[in-house]
Amino acid sequence: MKPLKRPVRRATLVVHVTASAAWLGLTLGLLALALTAYATESASAIEASYRSMKVFTDWLVLPLALLTLTSGLVLSLGTKWALALHRWVFVKFWVTLATTTASVLILRPGVSRAADIVASGGMVAEPRDLLMGPAVSLTAYVFMTAISVLKPWGLTRRGRRIRGSAGSPKAVDDRSLRQTA
């Protein structure tokens, strides 16, 4: 992929940061609702919490996850950071892919089942299970935010090989790449 022109790169970065922050905020909301459903004795509060979680997971989780993943890929492929040259970018990609997959295959179906159960007057057998998804996701998003800021670990083996083949000792030195794009 050709390097992104500055206006496109900046716009994509704004989209990526906004979508990532929204996904993190949504996860905090889901965690608060799951905690409410877990901690209360009120059937109406439990039902309202699970129904709200269903609305959020049905309408927001997947679009935000895909927007974060797609904009991150565009940035990694269209900037000097590249997808497989720096460990932090590579790790972020895989963690984002894993959390997106878990959201689609585990979180959304679990929340839908819980909302259906409480809507029909039943009780969710393991409400703690609905706490785990948002808690794990929140941990993953905070971790990805931290590595985005800190940019740890340097180049991957592929990155060292590519930078080393440029023939310049400075090309191998990752410290010059730590500037924000």
Side-chain angles (χ1 to χ4, degrees), residues 8-78 81 83 88-152 180-181:
V8 174
R9 179 183 51 83
R10 292 176 89 185
T12 306
L13 184 59
V14 167
V15 167
H16 182 68
V17 170
T18 302
S20 300
W23 198 12
L24 190 143
L26 174 61
T27 301
L28 282 170
L30 290 171
L31 184 58
L33 290 167
L35 280 168
T36 299
Y38 181 74
T40 189
E41 299 291 324
S42 166
S44 62
I46 293 169
E47 184 176 354
S49 293
Y50 288 142
R51 284 181 178 230
S52 297
M53 288 178 74
K54 182 170 175 21
V55 169
F56 291 149
T57 57
D58 283 351
W59 290 97
L60 295 174
V61 167
L62 187 58
L64 288 172
L66 292 176
L67 188 56
T68 300
L69 183 63
T70 303
S71 60
L73 272 173
V74 169
L75 284 170
S76 68
L77 296 174
W81 297 108
L83 180 60
W88 71 272
V89 175
F90 202 57
V91 167
K92 253 186 88 171
F93 167 74
W94 287 107
V95 173
T96 302
L97 188 61
T99 54
T100 299
T101 303
S103 294
V104 170
L105 299 178
I106 299 169
L107 178 65
R108 287 182 73 207
V111 168
S112 288
R113 273 192 304 277
D116 291 344
I117 289 169
V118 297
S120 66
M123 295 290 292
V124 175
E126 278 300 322
R128 191 176 324 158
D129 290 349
L130 292 172
L131 281 170
M132 296 310 296
V136 169
S137 294
L138 180 62
T139 303
Y141 306 149
V142 169
F143 169 73
M144 288 189 287
T145 300
I147 65 174
S148 293
V149 171
L150 301 174
K151 297 173 180 46
T180 309

For residues 139-147, please give each side-chain donor-acceptor pair under 3.5 Å, one per line with the distance, not counting sequence neighbours.
| from | atom 1 | to | atom 2 | distance (Å) |
| --- | --- | --- | --- | --- |
| T139 | OG1 | A135 | O | 2.9 |
| Y141 | OH | W23 | NE1 | 3.1 |
| T145 | OG1 | Y141 | O | 2.8 |

**Request:** Please check if any side-chain donor atom of S42 sits under 3.5 Å from a side-chain acceptor atom of S44, or the reverse.
**Result:** yes
Using only atom types and a distance under 3.5 Å, with no angle test, would you say the side chain of [X] pairs donor to acceptor with the backbone of [Y]?
X: T99; Y: T96; value: yes
X: T18; Y: V15; value: no
X: T40; Y: A37; value: no

Tell me, do [X] and [Y] make a side-chain contact under 4.5 Å, heavy atoms counted?
X: L30; Y: V61; value: yes
X: F56; Y: L26; value: yes
X: M123; Y: V118; value: no
X: P134; Y: L107; value: yes
X: D58; Y: S112; value: yes
X: F93; Y: L69; value: yes

Give me the atom names and distance for the closest heavy-atom approach of [X] to [Y].
X: S148; Y: W88; result: CA-CZ3, 3.9 Å
X: P109; Y: V104; result: CD-O, 3.3 Å
X: H16; Y: G72; result: ND1-N, 3.3 Å

Using 0.5 Å steps for rounding, measure from the [atom1] atom of [X] to the [atom2] atom of [Y].
X: T36; Y: L131; atom1: OG1; atom2: CG; value: 9.5 Å
X: L31; Y: M132; atom1: CG; atom2: CE; value: 10.0 Å
X: S103; Y: L60; atom1: OG; atom2: CG; value: 12.0 Å
X: L33; Y: L28; atom1: CG; atom2: CG; value: 11.0 Å
X: K92; Y: T68; atom1: NZ; atom2: OG1; value: 9.0 Å
X: Y38; Y: D129; atom1: OH; atom2: CG; value: 10.5 Å

**Request:** Dump the intermediate steps for side chain to side chain contact (heavy atoms under 4.5 Å, CB included) on I117 and Y50, then the final yes or no.
**Result:** CA-CA 9 Å; I117 289 169; Y50 288 142; over 6 Å; no
